Number of protein chains: 2
Amino acid sequence: MKMNEGVEWAMHSCVNLSWLPGEAVTAKRLAAFYDLPTAYLNKQLQALTRAGILSSTSGPKGGFQLARDPRNITLLDILTAIDGADDAFRCTQILKAGPGADPKADYREVCLVSQAMRAAELNYRRELAGQTIADIVTRVEAQSPAAPENTRTWFANLKS
Amino acid sequence: MKMNEGVEWAMHSCVNLSWLPGEAVTAKRLAAFYDLPTAYLNKQLQALTRAGILSSTSGPKGGFQLARDPRNITLLDILTAIDGADDAFRCTQILKAGPGADPKADYREVCLVSQAMRAAELNYRRELAGQTIADIVTRVEAQSPAAPENTRTWFANLKS
DNA sequence: GCCTCGCTACTCGGATATGAGGTGTCCGAGTTTTCCCGG
DNA sequence: CCGGGAAAACTCGGACACCTCATATCCGAGTAGCGAGGC
């Protein structure tokens, strides 16, 4: 059970983008900030764009920016965009192959093992849905108040 | 983020084994119950054995059985045995590559994105740790009281 | 001098390689049973 | 008839292929800006 590594990149990139509102930031610059492979980060940003989290513009002066208010972007939104919406636990309804099974029953609902696993995972997703990028940003600023300004000047001074 | 399919098999097999206490059940018979690939299920049962959840005996009349009371086997135990103990979210500490980073800091602890993800995952694991095989068995018996006896007779009548 | 057209440079976007890990299989180690032989 | 030993059968255990998906990369589509040429 390994989560896509791009989830971490996407979340940090969204935090950085929230400090650069209204500005189109290229994938290359976002990648340079954390020394990440540009093309691969670009792929993740594309996924965020498809999910409606970012908006993108092509050409010179192009790049990515947040498509909506950070208070309206949850960690679950990002996770789902990058890693897919499927549950980690996959109920294959093996009870259907067992003796005395009801072919018409949906064992994803009936099976109690499935219920327990899905309930736990649902809480997990619910907890991530309750945390927004704005929440993270607020906490980061409380921890290191200079972070927003430092980030802005870093991106402003970046030459290449 | 896909969980190992064997987790489902292992949990159902543990439920079945809890209805056959003190009896060594072979991997072949457990696999036949749900029409699963024998050798691959055997691999999963080996993992449960290494984790101390099952005990195994070789030779004729050999097989697997629960190594301890079902009330003392949590769903998290099984998940960890099959799928590994690593967290799904892997904090690679990308902040360390960013500007103004402290090389000595452990960003798995400091980074607020990492904190949020790990906290959610910790709750997930905690919830699974609070559910035992005995709990599942109790609920199954409440849902279909004939299940234990049916399972026992099925295993008793299995020829091959 | 100013407008327009075309070219260039730069960006995103998706199609394409590569590698690790989950999935599936096979053969050897070990143990119990059973059968045969000797007493 | 009884006991012992060897062989056979059956099981787990780990080592070995295969195949899917995450990882990584590259080239084409599209657009904004710039410059040259004409009015």
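Treat the numbers as computed from the prediction; the structure is a model and nothing was measured. Note on naming: letters A, B, ... go to the chains in the order of the sequence lines (proteins, then strands), and numbering restarts at 1 for each one.
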A.B. asks: Applying salt bridge (charged side-chain N to carboxylate O under 4.0 Å, His left out) to B/Arg108 and B/Asp87, what does each step give before you reach the verdict?
C.D. replies: CA-CA 12 Å; B/Arg108 276 171 303 205; B/Asp87 281 352; over 6 Å; no

A.B. asks: Considering just the side-chain nitrogens and oxygens of A/Arg50, establish if one lies under 4.0 Å of OP1 or OP2 belonging to C/dG14.
C.D. replies: yes

A.B. asks: Taking atom CZ of B/Arg71 as the centre, does the number of heavy atoms from other residues, nucleotides or ligands within less than 6.0 Å exceed 12?
C.D. replies: no

A.B. asks: Determine whether B/His12 and B/Leu36 satisfy the following criterion, side chain to side chain contact (heavy atoms under 4.5 Å, CB included), listing intermediate values before the conclusion.
C.D. replies: CA-CA 12 Å; B/His12 282 283; B/Leu36 301 174; over 6 Å; no

A.B. asks: A/Trp9 or A/Ser58: which one's nearest nucleotide on DNA chain D is closer to the 5' end?
C.D. replies: A/Trp9

A.B. asks: Report the distance from atom CE of B/Met3 to atom P of C/dT23, rounded to the nearest whole Å.
C.D. replies: 11 Å

A.B. asks: Where the side chain of A/Ala39 is defined as all heavy atoms beyond and including C-beta, which of C/dG13, D/dT25, D/dC12 is the nearest nucleotide?
C.D. replies: D/dT25

A.B. asks: What's the CG-P distance between B/Asn42 and D/dC10, to the nearest Å?
C.D. replies: 16 Å

A.B. asks: What class does the angle between the rings of A/Phe33 and A/Trp154 fall in, given that below 30° is parallel, 30 to 60° is tilted and above 60° is perpendicular?
C.D. replies: perpendicular

A.B. asks: Check this one for me: any side-chain N or O of A/Arg29 less than 4.0 Å away from OP1 or OP2 of C/dC10?
C.D. replies: no

A.B. asks: Atom CG of A/Leu36 and atom C1' of D/dA24: how far apart are they, to the nearest Å?
C.D. replies: 13 Å

A.B. asks: From the options C/dT11, C/dT32, C/dG13, select the nucleotide whose nearest atom is closest to the side chain of B/Lys61.
C.D. replies: C/dT32

A.B. asks: Taking atom P of D/dT25 as reference, at what distance in whole Å does atom NZ of A/Lys28 sit?
C.D. replies: 15 Å

A.B. asks: Got a donor-acceptor pair under 3.5 Å from the side chain of B/Lys43 to the base of C/dG24?
C.D. replies: yes

A.B. asks: Once rounded to the nearest 0.5 Å, what's the spacing between atom CG of A/Leu17 and atom CG of A/Leu66?
C.D. replies: 5.0 Å

A.B. asks: From C-beta outward on A/Ser56, which listed nucleotide comes closest to its side chain: D/dT11, C/dC12, C/dC10?
C.D. replies: C/dC12

A.B. asks: From D/dT31, D/dA9, C/dT11, pick the nucleotide closest to the side chain of A/Thr26?
C.D. replies: C/dT11

A.B. asks: If I take atom CG in residue A/Leu41 and atom C1' in nucleotide D/dT25, what distance separates them, rounded to the nearest angstrom?
C.D. replies: 14 Å

A.B. asks: Between D/dT23, C/dC12, D/dC12, which nucleotide has the shortest distance from any of its atoms to the side chain of A/Tyr40?
C.D. replies: D/dT23

A.B. asks: From CG of B/Asp86 over to P of C/dG22, roughly how many Å is that when rounded to an integer?
C.D. replies: 10 Å

A.B. asks: Is there a ring pair (Phe, Tyr, Trp, His ring centres under 6.0 Å) between A/Tyr40 and A/Trp9? Walk through the geometry before answering.
C.D. replies: CA-CA 10 Å; A/Tyr40 192 29; A/Trp9 305 357; 5.4 Å; yes

A.B. asks: How long is the line joining CD of A/Gln44 and P of D/dT23, in whole Å?
C.D. replies: 8 Å

A.B. asks: By nearest atom, which of the nucleotides D/dA22, D/dG14, C/dG22 is closest to the B/Gln46 side chain?
C.D. replies: D/dG14

A.B. asks: In whole Å, I'd like the distance from the CG atom of B/Asp83 to the P atom of C/dG21.
C.D. replies: 13 Å

A.B. asks: What contact category does B/Gly6 fall into here, base, sugar-phosphate, or nothing, at under 4.0 angstrom with non-hydrogen atoms?
C.D. replies: nothing

A.B. asks: By nearest atom, which of the nucleotides D/dA32, D/dC12, C/dG22 is closest to the B/Asn4 side chain?
C.D. replies: C/dG22

A.B. asks: Of the options D/dC12, C/dG13, D/dC21, whose atoms approach the side-chain atoms of B/Ala27 most closely?
C.D. replies: D/dC12

A.B. asks: With sugar-phosphate meaning primed atoms plus P, OP1 and OP2, does A/Ala24 contact a base, only sugar-phosphate, or nothing at under 4.0 Å between heavy atoms?
C.D. replies: nothing

